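What follows is one structure encoded as structure tokens, with my remarks underneath.
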Amino acid sequence: MSMINTLAGVDSTARRASTRAIFLVTGMAMGLWAALVPYAQLRTGADAGGLGLLLLCLGGGSLIAMLASGRIIGRLGCRAVIVAGVVLYCLTLPLLATFSDIRLLALSLLIFGMGVGLTDVAMNVQGTLVEQAASKPLMSGFHCLWSVGCIAGAGGGALLLGSGFSPLGAALCTVALVGLVTLGFLSSLLPTGGEEEESEGGKAKARPNFRLVLMAVMAMICFMAEGAILDWSGIFITQERGMAVEHAGWGFAAFAITMSLMRLTGDAVVTALGRKRVLIVGGVLGIIGYLLTVLTASWAMALFGFALVGIGAANIVPVLITLAGQEKVMPVNRSVAMVATLGYFGVLGGPALIGWVAHLSNLYVAFSLVALSFLVIVLGALKLKY
């Protein structure tokens with residue numbers, strides 16, 4: 001006899017607030033890292049290839065954690081996994097702001113990636129369960145708070161660094177704020193993880209179908225485009241467009257601002273256009289935005305291109321997460337974990353690939369390839385079930 005997971009008591013004002021809070025602080029940590037990347041490169045003296053290898057450590061740590069995240073969340077619950085992840089990335093943020101030894105920085109990035117990876121999957125599982133219990137769209141709003149956190153981390157970090165704070169000082173301010181917010185919402189996080197228990201006759205279904213695999217690939221591409229802006233926009237606008245290094249965080253902030261604005265109305269946009277059109281239009285805008293960044297010569301147009309990518313990408317992943325949660329071939333925590341794992345591997349591991357391409361050629365070629373990859377999202381949208 002199967003033990004049926006119930007959604008009773010999952011949705012409440014406090015549950016929604018705690019979900020938004022964790023999306024916010026995790027985005028804040030990632031946004032601050034965007035502002036710290038140029039400083040890390042200056043301290044280590046790494047070239048594009050070396051920096052790409054460092055970023056691979058971040059993606060590798062995240063992938064290691066995410067591969068087992070679905071089962072761990074099912075056993076321990078969202079709350080325990082979120083707390084563990086937040087502790088890991090808070091402990092390592094100050095190290096990312098200070099280490100100049102490339103080996104120590106690589107190890108710190110590995111642990112930081114594990115913390116972010118665990119938190120990302122757990123908060124998406126909680127968001128999916130809360131949305132299903134509410135019986136109305138909420139996912140774009142949750143992801144909006146992640147974007148707001150990125151603005152606070154990248155833009156706020158740039159302001160702190162520009163006003164004289166050291167990288168360590170900016171990191172400690174962020175850690176303090178993340179810790180306070182997490183503690184404040186701790187009791188409202190879901191203690192369960194939505195796992196469908198094994199039946200007496202065998203294991204619950206856990207085999208992905210073609211649509212889940214396609215959604216995972218589409219999410220990975222979207223997050224790779226986002227990760228390219230997160231980790232390489234600062235390098236691009238300072239080295240290729242002449243912006244001062246203390247303003248490096250504004251590249252990702254421009255992307256995150258437009259993404260946040262679009263996600264504020266994301267549920268209404270999905271209702272008006274339909275999920276298929278949101279995916280197609282979003283993919284086309286991503287192509288145009290990246291090409292504008294590459295083909296124009298001013299830092300202002302580069303920022304506009306990053307902003308346009310934010311508009312296009314804003315609701316792609318929330319739509320994919322919702323669609324993944326509706327597939328019946330796997331438990332919710334497994335299907336969401338699968339799509340989120342490959343997706344967030346794109347945002348964390350994709351920048352390493354960008355670094356290798358830039359090392360072999362330049363960032364212009366790397367960004368152009370990202371633009372072309374959005375075609376997979378446009379074409380893949382035609383194959384999904386809505």
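The first residue in the sequence is number 1, and the count goes up from there. Quick caveat, the model's predicted, so the values are computed rather than measured.
From Ser69, atom OG reaches atom CG of Asn333 across 9.0 Å, with rounding to the nearest 0.5 Å. Atom CG in Leu295 sits 12.0 Å away from atom CD1 in Ile288 (nearest 0.5 Å). Atom SG of Cys78 sits about 8.5 Å away from atom CG of Leu189, to the nearest 0.5 Å. Between atom CD1 of residue Ile151 and atom CH2 of residue Trp146 there is a gap of 10.5 Å, rounded to the nearest 0.5 Å. Here the CG-SG distance, from Leu261 to Cys144, works out to 8.0 Å after rounding to the nearest 0.5 Å. Distance check, rounded to the nearest 0.5 Å: CE of Met28 to CG of Leu93 gives 11.0 Å.
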message: Would His143 and Asn124 count as a side chain to side chain donor-acceptor pair (under 3.5 Å) here? Give the steps.
response: CA-CA 9 Å; His143 281 254; Asn124 271 293; 3.0 Å; yes
- request: Under the side-chain contact (heavy atoms from CB on, under 4.5 Å) rule, what do Phe99 and Leu107 come out as? Steps first, then yes or no, please.
  value: CA-CA 10 Å; Phe99 280 156; Leu107 178 60; over 6 Å; no
query: Taking it one step at a time, do Ser18 and Gln126 satisfy side-chain contact (heavy atoms from CB on, under 4.5 Å)?
result: CA-CA 10 Å; Ser18 67; Gln126 171 160 323; 3.2 Å; yes
- request: Let me see the working for Val336 and Val121 under side-chain contact (heavy atoms from CB on, under 4.5 Å), right down to the final yes or no.
  value: CA-CA 8 Å; Val336 170; Val121 175; 5.7 Å; no
- prompt: side-chain contact (heavy atoms from CB on, under 4.5 Å) between Met139 and Thr128: does it pass, once the steps are laid out?
  reply: CA-CA 7 Å; Met139 192 61 68; Thr128 300; 3.5 Å; yes
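Within the 4.5 Å cutoff, no side-chain heavy atoms of Val116 are placed close to those of Thr119. A heavy-atom distance below 4.5 Å is not found between the side chains of Val329 and Arg211. Taking 4.5 Å as the limit, some side-chain heavy atom of Met218 sits within range of a side-chain heavy atom of Leu214. You'll find the side chain of Asn315 stays beyond 4.5 Å of the side chain of Arg275, heavy atoms only. In this structure, the side chains of Thr182 and Ile22 come closer than 4.5 Å at one or more pairs of heavy atoms. Between Thr296 and Phe304 there is no side-chain heavy-atom pair separated by less than 4.5 Å. Looking at Trp356 and Leu53, their side chains come closer than 4.5 Å, going by heavy atoms from C-beta outward. You'll find the side chain of Leu177 stays beyond 4.5 Å of the side chain of Val25, heavy atoms only.
A side-chain donor-acceptor contact under 3.5 Å links Arg43 to the backbone of Ala97. Judged by distance alone, the side chain of Gln132 and the main-chain N or O of Gly325 form a donor-acceptor pair under 3.5 Å. Gln41 places a side-chain N or O within 3.5 Å of a backbone atom of Ala46 that can act as its donor or acceptor partner. Remark: the backbone N or O of Ala225 is paired with a side-chain donor or acceptor of Tyr290 at under 3.5 angstrom. No donor-acceptor pair closer than 3.5 Å links the side chain of Ser361 to the backbone N or O of Ala358. Although no hydrogens or angles enter the test, the distance criterion places a donor-acceptor pair under 3.5 Å between the side chain of Thr293 and the main chain of Gly289. For Arg79 (side chain) and Ser187 (main-chain N/O), a donor-acceptor pair under 3.5 Å exists by modelled atom type. Side chain of Thr174 to backbone of Ala29: no donor-acceptor contact under 3.5 angstrom is found. For the pair Ser12 (side chain) and Arg15 (backbone), a donor-acceptor distance under 3.5 Å is present. With hydrogens and angles disregarded, a donor-acceptor distance shorter than 3.5 Å links the side chain of Thr258 to the backbone of Phe255.
A pairwise comparison of heavy atoms in Val294 and Ser368 identifies CG1-OG, 3.8 Å as the closest pair. Closest heavy-atom contact between Lys136 and Glu131: O-CG, 3.3 Å. In terms of heavy-atom proximity, Ile111 sits nearest to Thr92 at CG2-CG2, 3.5 Å. Minimum heavy-atom separation, Pro94 to Cys90: CD-O, 3.2 Å. Here the closest heavy-atom approach between residue Ala381 and residue Leu279 is recorded as CB-CB, 3.7 Å. The shortest heavy-atom contact between Ala35 and Pro38 is O-CD, 3.7 Å.
In terms of hydrophobic clustering, with Ile, Leu, Val, Met, Phe, Trp and Tyr side chains grouped at heavy-atom distances under 4.5 Å, Ile235 and Leu32 are assigned to a common cluster. In this structure, Val270 is a member of the same hydrophobic cluster as Leu320, with clusters built from ILVMFWY side-chain heavy atoms closer than 4.5 Å. The cluster map of Ile, Leu, Val, Met, Phe, Trp and Tyr, joined by side-chain heavy atoms under 4.5 Å apart, puts Leu172 and Val87 in different clusters. Under the 4.5 Å side-chain contact rule for hydrophobic residues, Trp33 and Leu159 do not share a cluster. Using a 4.5 Å cut-off between side-chain heavy atoms of Ile, Leu, Val, Met, Phe, Trp and Tyr, with links allowed through other members, Leu379 and Val281 fall into different hydrophobic clusters.
Below 30°, between 30° and 60°, or above 60°: for Phe142 and Phe23 the angle between ring planes is below 30°, a parallel geometry. The aromatic rings of Phe112 and Tyr89 sit perpendicular, their planes meeting at an angle over 60°, well past the 30° parallel limit.
Tested against Leu109, the residues Leu56, Leu58, Leu95 include a single side-chain contact (heavy atoms from CB on, under 4.5 Å) partner, Leu58. A side-chain contact (heavy atoms from CB on, under 4.5 Å) with Val269 is found for one member of Asp267, Leu273, Thr271 and no other, namely Leu273. When each of Leu51, Ile354, Asp47 is checked for a side-chain contact (heavy atoms from CB on, under 4.5 Å) with His359, only Asp47 meets the rule.
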